[in-house]
Structures are given as C-alpha cells and as structure tokens.
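Take a look at the structure set out below.
Position 1 is the first residue of the sequence, and the numbers go up from there.
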Amino acid sequence: LEGVWSATRYPGFNEGMRWDPPQLKSEIAAWTERNLDIWRSGEEYVFTISARADNSFTGRVSIRRERVRDVWNIGFWIHPERWRQGLATEASRAVINFGFEALAAQKIVAAHALWNVASQRVMEKLSLTYVRENPRAFAKNGRWVAEAEYEIDRDSWHAKEEEIGV
C-alpha cells in the first residue's frame, strides 16, 4: 500500500494511465481486494515488482484477458524513484513468458501514451511490434489520450527469446 501511495504522489505520475491516483490510502486496500478477486477469476493477474537487494516496492506489472480469444494485454508501471534501471523490461519479460506458457496466450498486446518515450523503449526492448496509433484510447481529465499500440505473437516471442539467449 505504501509503495503505490508513494508513487501516485509524484505530480504527473498517473497522466498516461487509465486509472486516477487514489485520494486516500484506504482506496488502495480496496483495489488490492479487487485485484485478488480478479486473479481468482483468471481474468487478470497483477504482480508486485520488488527489488532483489532489499525487497523494496518497485512497481506493478499486470496481464489481463482481452475480449479476443487467446489475446492478453500487458501493462506496467515503475515507481518514479526506480525509473531507468531496466526493471520494467525485466518484469514485463517475465510476465510475457507467463502469458505464453501458463495462460496459453497466442498474442500479447500493450500500449502506452504517445508522449511516454520510456515505455516506448520498453516495448522495443521486448521486441513488440508497433501496430498503430489510437488517437482516442481513453479519456483522462476531460481529454482524449492517444496511445501507441503494440503486439507480439507466441512464435515471434519464442524466436526472439531464442535469438537473444533468454
């Protein structure tokens, strides 16, 4: 709870995300309960990322079922104090593997706000293929947020992982 609260206190942190920052810490507990219920349903899995050195909170990565059969959507965020350490790439790689291996996904999709260059770099490092720009991905503060959309299929993922020796 403290890690999520701390991250969302940074000005602009939530601007490229579909969810608004909590106004009270108690809201985070309710989100956590909802995440557990959704986990049990098999529709979405939210993982907490923690630092190996001291087990401190680092961020979150999730994977959720899309409406299209065998397609899952991955999303991630890192606490601003931990940005630019490669943690989003590392955690997302593990969750993409989980999606293809444990969930039998055939395709994994992802998106980021157009201005979020750091997330764009993560997509590129993960070998996701740019699909299109969605100018009206979601509304935030009364305005549309444009996103870049990406995808990778199971065979392409395994070929890329084999190529880089992961």
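You'll find the side chain of I63 stays beyond 4.5 Å of the side chain of N73, heavy atoms only. A heavy-atom distance below 4.5 Å is not found between the side chains of P21 and E15. A 4.5 Å side-chain heavy-atom check between S92 and I74 finds at least one atom pair inside the cut-off. Contact annotation: the side chain of Y10 approaches that of H79 to within less than 4.5 Å [non-hydrogen atoms, C-beta and beyond]. You'll find the side chain of I49 stays beyond 4.5 Å of the side chain of R60, heavy atoms only. Between V109 and E66, some side-chain heavy-atom pair lies under the 4.5 Å cut-off. Within the 4.5 Å cutoff, no side-chain heavy atoms of I108 are placed close to those of W157.
Applying the salt bridge (charged side-chain N to carboxylate O under 4.0 Å, His left out) test to E81 and every residue at least two apart in sequence or in another chain returns nothing. With sequence neighbours excluded, no residue satisfies salt bridge (charged side-chain N to carboxylate O under 4.0 Å, His left out) with E44. The salt bridge (charged side-chain N to carboxylate O under 4.0 Å, His left out) search around R34 returns none, not counting sequence neighbours. Taking the side chain to side chain contact (heavy atoms under 4.5 Å, CB included) definition, one finds that S156 meets it with I152, D153, sequence neighbours left out. Shown here are the side chain to side chain donor-acceptor pair (under 3.5 Å) partners of D70, two or more places apart in sequence or in another chain: there are none. Shown here are the salt bridge (charged side-chain N to carboxylate O under 4.0 Å, His left out) partners of R52, two or more places apart in sequence or in another chain: E90.
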Residues Q106, R69; criterion side-chain contact (heavy atoms from CB on, under 4.5 Å); working and verdict: CA-CA 9 Å; Q106 292 302 309; R69 183 184 163 111; over 6 Å; no
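Distance check, rounded to the nearest 0.5 Å: CG of L87 to OG of S50 gives 10.0 Å. Atom CD1 of I96 and atom OG of S127 lie 9.0 Å apart (nearest 0.5 Å).
Checking side-chain atoms of S119 against main-chain N and O of H112 turns up no donor-acceptor pair under 3.5 Å. A donor-acceptor pair is defined here as one N or O able to donate and one able to accept, closer than 3.5 Å; no such pair exists between the side chain of R143 and the backbone of A139.
Sorted by first and then second residue, the salt bridge (Lys or Arg N to Asp or Glu O under 4.0 Å) pairs involving residues 17-32 (not counting sequence neighbours) are E2-K25, R18-E147, D20-K140. The list of ring pair (Phe, Tyr, Trp, His ring centres under 6.0 Å) pairs with a residue in residues 24-70, not counting sequence neighbours, reads W19-W31, W39-Y45, W39-F47, Y45-F98, F47-F98, F57-W77. Contacts classified as salt bridge (Lys or Arg N to Asp or Glu O under 4.0 Å) and involving residues 102-123 (residues at least two apart or in different chains) are given here: K107-E151.
Under a hydrophobic clustering in which Ile, Leu, Val, Met, Phe, Trp and Tyr are joined whenever their side-chain heavy atoms come within less than 4.5 Å, directly or via other members, M17 and V122 fall into the same cluster.
When hydrophobic side chains of Ile, Leu, Val, Met, Phe, Trp and Tyr are connected at separations under 4.5 Å, F138 ends up clustered with V145. Other members of the cluster containing V131 do not exist, because no ILVMFWY side chain is joined to it at under 4.5 Å. Counting Ile, Leu, Val, Met, Phe, Trp and Tyr side chains that sit under 4.5 Å apart, directly or through other members, W144 stands alone, with no cluster partners.
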